[in-house]
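As structure tokens, the structure follows; a few thoughts come after it.
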Protein chains: 2
Amino acid sequence: MAVNRRIGAESSATRAALMDAVEAVMREDGYAALTARRVAERAGLKHQLVFYYFENMDELLLATYRRHISHYRDTMEEALRSDRPLHAFWAVNSNARDAVLNVEFLAMSNHNEVVRAETVRFGEEFRNMGLEHIALPIGGAGQEKEPLSPKAVMMVINFVGSLLGLETAIGISGAHPEIRALVDWCVDELEPTPVGG
Amino acid sequence: MAVNRRIGAESSATRAALMDAVEAVMREDGYAALTARRVAERAGLKHQLVFYYFENMDELLLATYRRHISHYRDTMEEALRSDRPLHAFWAVNSNARDAVLNVEFLAMSNHNEVVRAETVRFGEEFRNMGLEHIALPIGGAGQEKEPLSPKAVMMVINFVGSLLGLETAIGISGAHPEIRALVDWCVDELEPTPVGG
DNA sequence: GTCTATACACCGATAGAC
DNA sequence: GTCTATCGGTGTATAGAC
């Protein structure tokens with residue numbers, strides 16, 4: 001498992017710079033462009049340094065992914081603690097910058113076993129995040145025919161935000177205002193303005 | 001532009017087999033696994049044959065993409081001509097097999113300029129597909145506060161179907177039943193059972 | 001139409017000097 | 001902690017035999 005070679009400290013600034021470079025390359029050229037040489041070049045370093053700070057490329061990608069997830073989780077938890085958690089959740093998930101990274105990691109999961117395992121793990125965690133904040137407002141809206149699962153509503157919002165972000169990155173903008181208006185309307189219906197507001 | 005080399009006929013069965021192999025590799029291992037060697041190996045051929053039938057890898061990917069789009073368009077148009085176009089549209093777009101390819105090509109567009117151009121072109125075409133069949137039923141449902149754009153509804157259905165398919169391919173299934181139930185419910189509301197049915 | 005042989009670039013990864 | 005040097009493997013692509 002472990003490698004017969006010196007590995008740099010996790011607190012190193014250079015190590016963090018390599019992870020920053022991974023995210024930059026992913027955003028700009030997609031995950032398929034992630035090579036040790038390109039990542040190091042983006043960070044202004046020699047490519048051999050990648051293997052001083054990480055056992056291999058997978059470890060670099062996994063560390064970057066975990067850092068991204070950690071940041072994403074924090075942002076999400078803060079949003080869900082707000083006055084109107086569903087509105088805040090939509091605001092976070094319709095942010096194009098995060099969405100592109102999320103979808104890139106998701107697409108990467110389809111061919112990288114290490115990243116796939118982490119995606120499955122976080123995917124399940126994500127589905128149960130902040131449900132205690134969301135359950136009430138949606139239940140309060142009162143749907144006549146079928147119960148609207150808070151989990152399902154949040155996932156749909158996440159899906160729409162993710163692909164809106166990816167399309168924006170690619171250069172497609174058609175129907176985006178209509179789509180945003182539709183989600184805005186749904187979110188307003190499900191989580192009305194508080195009487196005190 | 002053109003290459004100084006013999007190029008095989010478009011009607012060739014071997015050429016089609018290479019495109020089949022591209023789709024198979026994309027589905028199984030993601031777009032980043034698409035190399036001339038792996039595609040040819042999947043088709044049981046030598047990798048040099050790729051460059052007999054296609055000028056380069058981009059041409060192979062583009063030809064495969066165009067074939068996929070053509071098939072997808074046909075399926076969609078047939079669905080939209082049915083009794084309940086919105087229901088049929090959801091059925092087509094929640095098919096995991098097509099969805100995975102759609103998202104893989106979408107993700108690939110983020111770093112492949114040739115594929116990106118085709119995605120943008122088809123993306124705009126897709127947004128206007130079959131709107132004449134959809135506009136009436138949705139308008140007929142009568143929304144009180146804000147008009148539900150048929151275009152937006154169809155894009156949301158497409159987005160949800162796409163990411164459901166990708167997640168399924170990756171191995172995530174949590175909340176999928178709830179999400180499907182939610183979309184089913186929405187589609188039923190927007191396009192009720194015909195009185196004659 | 002398919003093969004062998006080959007070119008040259010880039011890849012991940014390691015060893016060892018400084 | 002960062003460097004030079006280097007390895008074997010794989011990538012796209014071409015030339016030419018059969």
Side-chain angles (χ1 to χ4, degrees), chain A residues 1-22 24-26 28-65 108 111-116, chain B residues 1-22 24-26 28-65 104 108 111-115:
Chain A
M1 207 67 173
V3 90
N4 189 18
R5 182 187 355 123
R6 283 186 296 166
I7 297 292
E10 288 198 17
S11 59
S12 160
T14 304
R15 195 183 124 106
L18 285 169
M19 294 194 282
D20 293 343
V22 167
V25 171
M26 277 179 83
E28 290 161 20
D29 301 311
Y31 76 83
L34 285 173
T35 67
R37 289 166 209 258
R38 290 182 71 146
V39 168
E41 184 189 33
R42 190 59 161 69
L45 302 164
K46 300 285 176 181
H47 73 270
Q48 294 92 333
L49 274 182
V50 168
F51 304 101
Y52 172 68
Y53 285 103
F54 300 91
E55 290 199 5
N56 49 45
M57 279 301 290
D58 272 355
E59 286 297 310
L60 167 58
L61 299 185
L62 188 57
T64 308
Y65 192 22
M108 198 197 298
H111 89 283
N112 183 312
E113 188 52 38
V114 174
V115 171
R116 195 191 69 83
Chain B
M1 208 68 175
V3 90
N4 188 17
R5 186 193 344 133
R6 282 187 296 166
I7 297 292
E10 289 199 16
S11 58
S12 160
T14 304
R15 195 183 125 106
L18 285 169
M19 294 194 283
D20 293 344
V22 166
V25 171
M26 277 180 84
E28 290 160 19
D29 300 313
Y31 75 84
L34 286 173
T35 68
R37 286 172 208 253
R38 290 183 71 148
V39 167
E41 185 188 34
R42 191 57 160 72
L45 302 165
K46 300 285 175 180
H47 73 272
Q48 295 92 332
L49 272 183
V50 168
F51 304 102
Y52 172 68
Y53 285 103
F54 300 91
E55 290 199 3
N56 49 46
M57 279 300 289
D58 273 355
E59 287 298 311
L60 166 59
L61 299 185
L62 188 57
T64 308
Y65 193 20
E104 283 293 330
M108 198 197 296
H111 86 284
N112 183 313
E113 189 52 39
V114 173
V115 171

Fill in the blank from the handout: With sequence neighbours left out, the residues meeting salt bridge (Lys or Arg N to Asp or Glu O under 4.0 Å) with R116(A) are E113(A)

Problem - Within-4.5 Å side-chain heavy-atom neighbours: F54(B) and M19(B) - result: yes

Problem - Interatomic distance where CG belongs to L34(B) and C1' belongs to dT12(D) [whole Å] - result: 14 Å

Completion exercise
Here the distance between atom C1' of dT6(D) and atom CZ of F51(A), to the nearest Å, is 14 Å

Practice task
Whole angstrom is fine here: how far is it from CG in N4(B) over to C1' in dT12(D)?
Solution key: 17 Å

Problem - Atom-to-atom span, CZ of R38(B) to P of dG9(D) - whole angstrom - result: 17 Å

Handout entry: Greater than 12 external heavy atoms within 6.0 Å of E41(B)'s CD
Key = no

Problem - Euclidean distance, atom CZ of residue F54(A) to atom C1' of dA13(C) [Å, nearest integer] - result: 15 Å

Practice task
Please round to the nearest 0.5 Å and tell me the distance separating atom CE of M57(B) and atom OG1 of T35(B).
Solution key: 6.5 Å

Practice task
Consider the side chain of T35(A), meaning its heavy atoms from C-beta on, and name the nucleotide among dT12(D), dA13(C), dC11(C) that approaches it most closely.
Solution key: dC11(C)

Practice task
Specify the separation, in whole Å, of atom CE of M57(B) and atom P of dA9(C).
Solution key: 20 Å

Problem - Beyond-backbone contact of L61(A) with V114(A), side-chain heavy atoms, under 4.5 angstrom - result: no

Completion exercise
Counting primed atoms, P, OP1 and OP2 as sugar-phosphate and everything else as base, the B/S/- map of nucleotides 1-7 of chain C against protein heavy atoms under 4.0 Å is BBSBB--

Handout entry: Heavy-atom side-chain proximity of M108(B) to L34(B) below 4.5 angstrom
Key = yes

